[in-house]
Amino acid sequence: MAFAHTVPLTLTLLLPLLLLLSSTNADETKSPKGFRVVLIRVDSGSNLTKLELLRRAVARGNQGVARLITNSTVDVKAPVHLDSHSDMGVFLMELAIGTPKVPFSAIVSTGSDIIITQCKPCKNCLNESTPIFDPSISSSYSNVSCQSQLCLALSSPESNTTSCEYSLSTTKNATVQGVFGSETFSFDDGVSVPGIGFACWPQDFDDFDMDGLGVVGLGRGALSLVSQLGLTKFSYCFTSYTDPNTTTSPLMLGSLAKLKDGEAGASTPLIKNELYPSLYYVSLKGISVGGTRLQIPESTFALNKNGTGGLFIDSGTPVTYLEEVGYDLVSKAIVEQVKLPVVNGTAATGLDLLCFPLTNSSNNVVSMPELVFHFEGGADLVLPEENIFYTDTELGVSCLTMMKSTGGSVLGNYMQQNLHVVYDLEKDLLSFAPAKCSQL
């Protein structure tokens, strides 16, 4: 059974990661000990209202739906599949590729396992202000052999080719091919790493609407940036979603990825979904609203053997999606405790959100009861009002940043604002702590 169409699982290039099943890391010795990268929100610098920013973020998710077929196993010999309009990553990383360096921006996603950028020659190149990478003029570029471990991690190579080629099929039923290459990537702090495997954006292909020239995946698969650098840890801290004064967020890779002294953190095990082994699943045991733990059956958020259900944390999904049973109980409890009439969220915001009128509240503020997610191991994620509600004084509404889903749940990045999140892949542990992300 697939996730219902109401679940905009904004997993940047999700289906490629389903094919990257090899656990082999390439050239682990080339990894720097640790470094920091600045992330830029996609719409930063735009003259958009708070509502427009939220609408665009959710729209990216809706346009980039990757439907998870969970009633069959993954065929690693199948072509890689991509949804069009895959610019749902929300955060961009500024980096450079090649020798001489060619700068480009890339969407960062924990829901992807691939590094990809557009390359020349291309008849239908994306219209971007930054130059497009040309492998023919880079002294550090080389094609990846079809028999290399990097290529085998991507898919089964064609027997009649010597270079690593891959197929892409889109929601518009177009199929194109590209070449997998190896190149030097340069990041902030003067860090340059040779021999990174990446996919050249396919030639003759105009089926994408991207906010960047590529994608950098942080998933568990062999071809993600984390795996290729041989890193066992990374962390991020997303600054306030709608604060125009904090448009950048830090991403820490390697030894820098750890909770800071004084951060009151909690940890919960990372669990693996055998069908989607690259996603970062955690075990959600229950939810409390206003200090009362709701009577949600624990099976509601359980990860099933066939790959359905469960909850994973994703940097590229804006709002949070809860399995229908859990969502209904949470929203009912919120309505009962807020004690305000419910506004038609679709009419007010254009989004299917639970909303309340500010005109019926005191001082244009809706008093939101405390919301706590209880994870395995006693890790409680206490969510401040800013992470739960979107308030628009011009529209006169305050809306819950959560939607209903069928087939699984996702903890989105809106609820991760000002939360330092650490992924420890060696210990299979996710840690988090409230933080002032602009000061990390």
Side-chain angles (χ1 to χ4, degrees), residues 11-37 39 74 76 80 89 91 93 95 97 106-117 142 144-145 147-157 164 166 180-187 191-200 214-236 251-258 270-281 312-316 421-430:
L11 307 180
T12 307
L13 308 183
L14 173 61
L15 292 180
L17 72 84
L18 302 184
L19 304 180
L20 310 182
L21 303 181
S22 170
S23 61
T24 303
N25 293 340
D27 298 335
E28 293 188 7
T29 57
K30 71 188 177 188
S31 171
K33 183 178 180 181
F35 62 103
R36 176 189 177 102
V37 177
L39 302 181
V74 178
V76 297
V80 175
F91 294 96
M93 173 192 293
L95 64 161
I97 183 173
I107 293 167
V108 176
S109 176
T110 57
S112 177
D113 274 353
I114 197 168
I115 302 171
I116 188 167
T117 185
S142 63
V144 171
S145 165
Q147 298 301 325
S148 70
Q149 291 185 342
L150 284 174
C151 189
L152 292 174
L154 178 66
S155 64
S156 296
C164 182
Y166 63 93
F180 206 73
S182 174
E183 192 44 287
T184 296
F185 279 67
S186 299
F187 306 90
V191 175
S192 291
V193 184
I196 297 292
F198 73 105
C200 266
V215 172
V216 171
L218 299 178
R220 291 189 180 203
L223 299 180
S224 74
L225 178 65
V226 174
S227 294
Q228 291 201 59
L229 292 179
L231 303 177
T232 59
K233 287 185 178 182
F234 71 92
S235 71
Y236 54 71
L251 168 68
M252 280 72 72
L253 296 161
S255 60
L256 298 184
K258 56 185 177 181
L270 286 169
I271 58 178
K272 292 184 179 180
N273 184 338
E274 293 302 322
L275 189 58
Y276 308 121
S278 296
L279 297 181
Y280 296 105
Y281 280 84
F312 60 89
I313 181 171
D314 184 47
S315 68
V421 184
V422 180
Y423 296 72
D424 189 328
L425 308 185
E426 186 175 34
K427 296 181 180 178
D428 276 331
L429 204 63
L430 181 81

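A donor-acceptor pair under 3.5 Å is absent between the side-chain atoms of T110 and the main chain of L218, judged by distance alone. Side-chain atoms of S224 do not come within 3.5 Å of backbone N or O of D113 as any donor-acceptor pair. Side-chain atoms of S227 come within 3.5 Å of backbone atoms of G221 as a donor-acceptor pair (strictly under, hydrogens ignored). For the pair S112 (side chain) and S109 (backbone), a donor-acceptor distance under 3.5 Å is absent. Between the side chain of D314 and the backbone N or O of G111, at least one donor-acceptor pair lies under 3.5 Å. Formation of a donor-acceptor pair under 3.5 Å by the Q228 side chain with backbone atoms of I196 is not found in this model.
Between the OG atom in S235 and the CG atom in L256 there is a gap of 8.0 Å [rounded to 0.5 Å]. Note that CG of L150 is 10.0 Å distant from OG of S145, once rounded to the nearest 0.5 Å.
Heavy-atom minimum distance, A257 versus V422: O-CG1, 3.8 Å. L270 and R220 make their closest contact through CB-NH2, 3.1 Å (heavy atoms, listed as atom of the first residue, atom of the second, distance). Of all the heavy atoms in G195 and S182, the pair that sits closest is CA-OG, 3.2 Å. Of all non-hydrogen atoms in V108 and S315, the two that sit nearest each other are O-OG, 3.7 Å. The heavy-atom pair separating L425 from L231 by the smallest distance is CD1-O, 4.4 Å.
The shortest side-chain heavy-atom distance between M252 and K258 does not fall under the 4.5 Å cut-off. Using a 4.5 Å cut-off on side-chain heavy atoms (C-beta onward), L223 and F180 make contact. Here the side chains of E183 and V193 are not in contact, with every heavy-atom distance at 4.5 Å or above. With a 4.5 Å cut-off on side-chain heavy atoms, F187 and L225 count as touching. For the pair F35 and L229, the minimum side-chain heavy-atom distance is below 4.5 Å. When side chains are defined from C-beta on, Y276 counts as touching Y281, because their heavy atoms get closer than 4.5 Å. The shortest distance between side-chain heavy atoms of L430 and Y423 falls below 4.5 Å. When side chains are defined from C-beta on, F198 counts as touching F185, because their heavy atoms get closer than 4.5 Å.
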> Please walk me through it: do R36 and L253 pass side chain to side chain contact (heavy atoms under 4.5 Å, CB included)?
Replying inline: CA-CA 6 Å; R36 176 189 177 102; L253 296 161; over 6 Å; no
